[in-house]
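Just so you know, ligand 1 is whichever comes first in the structure, and atom 1 is the first atom listed for that ligand. Note that this is a predicted model, so its numbers are computed, not measured. We number each residue from 1, following the sequence as shown.
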Amino acid sequence: MSKLILILGDQLSPAIASLRQWQPGDIVLLAEVQAEASYVGHHQHKIVLIFSAMRHFAATLQQQGTSVEYIDYQMRIASLYEAVASTLQRNPQLQTVVVTAPGEYRLSQEVASWQERLTKQVEVLPDDRFIASTELFNRWAQGRNQYRMEYFYREMRRYTGLLMNGDEPEGGKWNYDLENRKPCPDDLLVPAPAAVTPDDITRTVMALVADEFPKNMGNAAHFTFAVTGRDARAAFSDFVEHQLPLFGQYQDAMVLDQPFLFHSISSMYLNIGLLDVRWMCQKVEQAYRAGKVPLNAAEGYIRQLIGWREYVRGLYWLLMPDYKNRNFLQAETSLPGYYWHGNTKMRCMQQAISQTIKYAYSHHIHRLMITGNFALLAGLSIKEVTDWYLAVYADAFEWVELPNTLGMALFADGGVLASKPYAASGNYIQRMSNYCGSCYYQVKETVGEQACPFNALYWDFLVRNEEKLSSNARLQLAYRQWRRKDETLQQAIRFKAAELLIHLEQL
Ligand code: DLZ
Ligand code: SF4
């Protein structure tokens with residue numbers, strides 16, 4: 001019985017579960033479709049990345065003798081369902097549809113309805129590219145009233161044996177984050193990340209995207225990501241050699257006009273299947289064991305992969321669909337226009353947003369402590385902010401984006417993910433970056449005409465949400481500091497914050 005094997009745009013791994021079922025006579029389908037390309041207004045680079053990587057993946061399969069049907073965007077097929085239905089119609093010998101479980105709840109619900117609609121058997125296989133299966137994660141989560149990443153991570157270290165010495169963690173500690181919070185000196189030479197020159201296939205897709213998605217964020221003509229497994233592996237190996245040694249200590253640092261610093265820029269490759277998580281971890285561990293990379297960098301990097309990434313995916317599937325509607329702090333304010341164009345006098349926001357526009361990329365501290373922190377303090381709409389992150393980052397798929405944004409950055413889940421809101425005043429940004437020196441605003445001021453907006457908004461956030469947050473043990477110090485301020489100053493701060501919130505667009 002021949003099968004139709006559907007490969008989604010973020011399933012471009014040669015060893016993916018559905019392809020392992022391939023037998024002669026089966027047809028593999030990849031489809032560029034309107035529904036997936038427009039469920040949010042994806043950044044142009046994200047669409048180029050996915051379409052071009054899909055086309056390269058299909059070409060490789062064809063070269064290996066696999067029979068492939070490829071639906072390109074200009075065939076104007078509305079949805080994956082229609083792509084599958086029309087392929088089945090053209091190939092009536094195909095009896096079953098096989099697909100690896102989609103990464104997003106939205107699509108998994110849709111696929112679940114196909115069997116009935118298509119009157120063909122539809123087989124959905126677990127996505128075993130992740131190390132922790134849904135069952136493994138749910139077993140870990142069962143019976144806990146708090147899901148702390150650190151404990152999950154330790155289980156994953158034991159499970160994978162990565163950076164372990166028998167039962168003990170390498171170096172005697174599980175986590176070296178205390179060494180990983182250094183600001184970066186302004187004059188440190190930062191090696192440029194590997195860039196890839198677009199080939200003919202990519203250039204065709206760049207022109208298509210410019211044509212079909214002219215209003216989406218970004219400029220397709222400046223696309224330089226890798227689109228094949230081979231180029232993604234080369235870029236990652238380059239990172240391990242050049243940036244990883246300093247990744248640890250500077251991973252939270254921000255430097256003017258240096259969007260990449262010592263980060264790997266590989267989440268977009270990993271999340272669409274061009275890189276394999278086990279391979280990446282082994283490369284990092286090997287570099288550590290060969291004495292080329294310090295332990296704080298290797299452990300910090302591996303923790304992101306087998307700890308944080310697997311943990312947010314587990315939580316997403318455990319808590320959806322209810323999770324998406326959470327709004328613990330009732331944040332409803334509309335997103336100011338500068339989230340789309342970057343024209344703001346706040347230097348930190350201008351830097352975070354303009355690099356997002358240029359590269360469909362920002363590292364985690366820009367996302368969490370600049371754009372995310374601002375959204376948290378200003379009470380921006382959960383729906384608008386989560387849609388924004390999902391649209392503008394090339395690595396964003398809902399399973400990873402939603403917990404990171406709704407849970408971690410916006411505290412809209414009331415503390416399932418984070419033990420406290422990641423709210424910070426300008427002081428934090430000044431400590432971790434060199435942005436404030438060239439900013440219109442004064443980071444040391446809270447109420448003056450040109451006071452840093454993060455300051456009054458920080459205090460106002462705490463006071464506004466006192467009922468919901470003041471019992472949080474990790475916020476006690478901040479509330480004590482507020483109560484120690486004299487009443488006139490408290491009033492001035494709240495007045496300043498109210499003024500900022502009214503004039504959000506003009507900041
Ligand atoms: C993100 C995306 C885009 C932009 N386009 C397509 C597409 O045309 N065809 C496709 O199969 N997948 C696409 N994707 C990725 C899917 O949206 C992704 O598989 C789901 O969001 C599940 O993670
Ligand atoms: Fe950002 Fe405030 Fe610093 Fe300006 S002064 S860069 S707004 S933290």
Tell me which protein heavy atom sits closest to atom 17 (O) of ligand 1, plus the residue, atom name and distance to 0.1 Å.
E36 OE1, 2.6 Å

Using a 4.0 Å heavy-atom cut-off, say whether L8 meets ligand 1 through its side chain, its backbone, both or neither.
both

I need the nearest protein heavy-atom contact for atom 15 (C) of ligand 1: residue, atom name and distance, please.
F397 CE2, 4.0 Å

Look at atom 10 (C) of ligand 1 and say which protein heavy atom is nearest, naming residue and atom and giving the distance to 0.1 Å.
G9 N, 3.4 Å

Does at least one non-hydrogen atom of W399 fall below 4.0 angstrom from an atom of ligand 1?
no

Sub-4.0 Å heavy-atom approach of Q34 to ligand 1
no

Salt bridge check: are D200 and R55 linked by an N-O gap of less than 4.0 Å?
no

Within-2.8 Å protein N/O/S contacts of atom 4 (Fe) of ligand 2
C439 SG

Please state which part of L30 comes within less than 4.0 Å of ligand 1, counting heavy atoms only: side chain, backbone, both or neither.
neither

Within reach of ligand 1, part of Y39 (heavy-atom separation under 4.0 Å)
side chain

Considering residues, nucleotides and ligands other than F495, do more than 12 of their heavy atoms fall under 6.0 Å from its CZ?
no

How are the rings of Y393 and Y389 set relative to one another: parallel (under 30°), tilted (30 to 60°) or perpendicular (over 60°)?
tilted

Under 4.0 Å between heavy atoms, the region of H42 that gets near ligand 1 turns out to be side chain

Among all protein heavy atoms in this structure, tell me which lies nearest to atom 9 (N) of ligand 1, with the distance rounded to 0.1 Å.
A31 O, 2.7 Å

Please write down residue, atom name and distance for the protein heavy atom closest to atom 19 (O) of ligand 1.
D10 OD1, 2.7 Å

Applying a 4.0 Å heavy-atom criterion (strictly less than), which segment of Q11 is in contact with ligand 1: side chain, backbone, both, or neither?
neither

Which segment of F51 sits under 4.0 Å of ligand 1 when only heavy atoms are counted:
side chain

